[in-house]
Every structure is written in structure tokens, then in C-alpha cells.
Amino acid sequence: MSIHPTAIIDPKAQIAANADIGAYSVIGPQVVVGEKCLIGSHAVIEGDVQMGEHNVIGHGAAIGSAPQDLSFGFQTRSGVRIGENNTIREYCTIHRGTAEGSVTTIGDKNFLMVGAHVGHNCTIGSSVVIANNCLLGGYVEIQDHAFLGGGCVFHQFIRVGRLAITQGGSAFSVDIPPFIMAALLNYSIGLNVVGLKRAGFTREQRDELKAAFKLVYTSGLNTTQALARAAEKNWGTVAREFFDFIASAKKRGICAYRGNDRKRAD
């Protein structure tokens, strides 16, 4: 273990023997740091934070801080759970849960770029990329392999589906279904075809997703009607995932479609 002499580590903290901790970092008494983690300089990890193996925490990151919730009581016991093999770059902020016993969760193999903010009670899956300066409100759910473009903002309580990708500088206050490209203000602009190919989806799976996308977005049916029509046919696993996500959307609904008029909007 390499711990810089200027780091302040509470003796109650559980730090793996082969973890590295940089200059002027502060580690609180409830923190658990797994094997071969690398924590840069000036990082602050406080509260009930548990992280697994092989995580990289950038300079100046703040993890486990109190949530930005006016109703939060500082006596509330809540925490952050971080899996393995995550890269959390400089000045990222990850806040702990706001309700008693609740946690903010980061899965495995995620890449959070400089300045990303993960609000209280968010759930980040695995292999997610969150680009620079993204802002996630409380209780946002990001599913596996999603890619959030730089500077995007996400309203509290919304979901971003698996393998969805968002255009940088966009804003969302509704759910983003899996496998789509989303942009601007709450718009879907098509399927994430490149991402599907890179993820190993077969041509048959991609064609079925195209049919599912057209049924929801370009058939002229509203969402309820499209889901009813979808129920009349046997679909494969990935198409069912697409429809199930949409069916479980809350009252804010899902991204609307912007197709041929997108260039005019830009």
C-alpha cells in the first residue's frame, strides 16, 4: 500500500493493503476501499462508502457527500456502493442516499469522465460511459452500456435504457428507451445502430428492433395503442425488452420522435 504522508485517513477506515492513496486525500471512518484501488490527490471519500477492487478515483473527486436535498437530515444513515473496475475521473461528485438506509449505486466497469455529477439514490449499471460534466438528478437509473454525451442533464426519477446513447448538450425529463439515440430536449432520433453492431446484436435482432421502433414512433399510433398492437405478435428477447421498458414508463412517459425535421431544428 502506498499512502502519501499528507493523506488523512481515519483509523477505522478499511483500506486494502495494496491500495494507493494520493496526497491530501481525506478518507472517513466508514469507508471501505477494495484491492488495488487507486485514489488520486485531494479526493474526499466520506460517509458509508464501500467500493470493490480495481477502482480508479481521480484527483479532487468527492464521494459520499450529503445529498443536495433540502429535506435531508445530516443524522440520516445512508451510503454509496461502488463495484469493481470503475474509472471515476477528476472532480466527479457522487452523493449518498437521501432516505434512511438507502444508497447510491455504481456497478462495474463504468467510466465517469471529468466533472460528472451523480445525485443521491441514482443507480448506474455496468459498462456505462458518463461523459464530462453530465448532471444526474436524484433517483436516476442508467442501465448497462448506456453512453451519456458530455454536458447532458437528466431530471430526477427518469431512466435511461440499455445501450441508449445521448447527444452531448441535451436535456431529458422523460425516460429514454433502450437501444435508441436521444438528443435535444426529450427527443428520440433513431436506433443506436452502431452501438448495437458493436455489442454483437445479430442482423435479425437489429431488424426486429427497427420494426419495434417504427411501431412505437412512426406508425401513427399513440404509445398505448402501439403496445397493444405489439402484444398481438411474438417478438424476440430484445424487442420485448424495448416494449417492456416503455410499458413500465411512469407518468412523464418516454422521448418523443424527431425524424426528418431534426436538421431544421438544429
Side-chain angles (χ1 to χ4, degrees), residues 1-67 77-97 101-134 136 140-148 150 160 162-163 195 198-200:
M1 177 166 55
S2 173
I3 298 179
H4 195 277
T6 61
I8 300 174
I9 301 175
D10 192 282
K12 294 180 181 178
Q14 300 177 45
I15 311 296
N18 53 5
D20 291 336
I21 300 176
Y24 301 103
S25 286
V26 179
I27 311 293
Q30 295 177 278
V31 174
V32 177
V33 176
E35 299 284 331
K36 297 184 178 179
C37 286
L38 173 61
I39 298 173
S41 66
H42 297 86
V44 177
I45 306 177
E46 58 183 328
D48 179 10
V49 176
Q50 299 178 22
M51 69 175 71
E53 301 177 354
H54 297 279
N55 292 296
V56 176
I57 309 299
H59 308 305
I63 301 175
S65 304
R77 293 169 296 180
S78 59
V80 174
R81 300 291 180 265
I82 299 174
E84 301 178 353
N85 295 292
N86 295 287
T87 298
I88 298 171
R89 290 295 299 267
E90 299 91 325
Y91 308 109
C92 286
T93 53
I94 302 173
H95 288 174
R96 66 181 184 264
S102 68
V103 295
T104 301
T105 304
I106 311 288
D108 303 323
K109 299 180 181 178
N110 297 297
F111 186 14
L112 279 63
M113 298 185 191
V114 173
H117 170 69
V118 178
H120 63 81
N121 300 96
C122 286
T123 301
I124 311 299
S126 294
S127 301
V128 170
V129 176
I130 302 178
N132 303 62
N133 301 315
C134 279
L136 277 61
V140 170
E141 176 187 348
I142 311 295
Q143 296 181 359
D144 295 350
H145 297 279
F147 189 110
L148 311 185
V160 178
R162 182 166 73 100
L163 270 167
R198 288 175 176 172

*Ser127: partners by side chain to side chain donor-acceptor pair (under 3.5 Å), with sequence neighbours left out*: none
*Just jot down the side chain to side chain donor-acceptor pair (under 3.5 Å) partners of His42, sequence neighbours excluded, or say none.*
none
*Could you tell me whether the side chain of Ser65 and the main chain of Glu46 form a donor-acceptor pair under 3.5 Å?*
no
*Under a 4.5 Å cut-off applied to non-hydrogen side-chain atoms, are Gln50 and Val103 in contact?*
no
*side chain to side chain contact (heavy atoms under 4.5 Å, CB included) involving Asn133 - partner list, sequence neighbours excluded*: none
*Any side chain to side chain donor-acceptor pair (under 3.5 Å) pairs touching residues 26-38, not counting sequence neighbours?*
Asn18-Glu35
*Hey, what do you get for CE (Met51) to CD1 (Ile94), rounding to the nearest 0.5 Å?*
8.0 Å
*What heavy-atom pair brings Leu163 and Gly195 nearest, and what distance separates the two atoms?*
CD2-O, 4.0 Å
*Just wondering, do Asp108 and Asn85 contact through their side chains at under 4.5 Å, heavy atoms?*
no
_So which atom in Pro67 and which in Gly97 form the shortest heavy-atom distance, rounded to 0.1 Å?_
CG-O, 3.8 Å
_Working to the nearest 0.5 angstrom, can you tell me the gap between Ile63 CD1 and Cys92 SG?_
8.0 Å
*Measure across Val160 and Ala146 and return the closest heavy-atom pair with its distance rounded to 0.1 Å.*
CG1-CB, 4.1 Å
*Does OH in Tyr91 sit with more than 12 non-hydrogen atoms of other residues, nucleotides or ligands closer than 6.0 Å?*
no
*Inter-residue atom distance Leu112.CG - Ile130.CD1, 0.5 Å rounding*: 4.0 Å
*Could you list the residues that satisfy side chain to side chain donor-acceptor pair (under 3.5 Å) with Asn86, not counting sequence neighbours?*
Asn55, Asn110
_Quick check: closest heavy atoms across Gly58 and Ala43, and the distance to 0.1 Å?_
O-CB, 4.1 Å
Atom pairs and distances, side-chain donor-acceptor, residues 4-12, under 3.5 Å, sequence neighbours left out:
residue: His4; atom: ND1; partner: Thr6; partner atom: N; Å: 3.1
residue: His4; atom: ND1; partner: Thr6; partner atom: OG1; Å: 2.7
residue: Thr6; atom: OG1; partner: Tyr24; partner atom: N; Å: 2.9
residue: Asp10; atom: OD1; partner: Lys12; partner atom: N; Å: 2.8

*Can you tell me how far CD1 of Ile21 sits from CD1 of Ile39, rounded to the nearest 0.5 angstrom?*
4.5 Å
_To the closest 0.5 Å, what do you measure between CG (Leu136) and CD1 (Ile142)?_
5.0 Å
*Excluding sequence neighbours, so at least two apart, what forms side chain to side chain donor-acceptor pair (under 3.5 Å) with Ser41?*
His59
*asked:* Which heavy atom of Ala19 sits nearest to which heavy atom of Gly34, and what is that distance?
replied: CB-O, 4.1 Å
*Would you find a donor on one side and an acceptor on the other, under 3.5 Å apart, between the side chain of Gln143 and the backbone of Arg162?*
yes
*Pairs in or reaching into residues 84-96: which pass salt bridge (charged side-chain N to carboxylate O under 4.0 Å, His left out), with residues at least two apart or in two chains?*
none
*Could you list all the salt bridge (charged side-chain N to carboxylate O under 4.0 Å, His left out) pairs where at least one residue sits in residues 48-64, not counting sequence neighbours?*
Asp48-Arg81
*Where is the tightest heavy-atom contact between Gly52 and Cys37, given as atom of each residue plus distance?*
O-SG, 3.0 Å
Would you tabulate the side-chain donor-acceptor contacts of residues 117-125 under 3.5 Å, counting partners in other chains and residues two or more places apart, or write 'none'?
residue: His117; atom: ND1; partner: Thr93; partner atom: OG1; Å: 2.7
residue: Asn121; atom: OD1; partner: Thr98; partner atom: N; Å: 2.9
residue: Asn121; atom: ND2; partner: Ser102; partner atom: OG; Å: 2.9

*Drop me the distance from Lys109's NZ to His54's NE2, to the nearest 0.5 angstrom.*
11.5 Å
*asked:* My understanding is that only residues two or more places apart in sequence, or in another chain, count here; which of them pass salt bridge (charged side-chain N to carboxylate O under 4.0 Å, His left out) with Arg77?
replied: Glu100
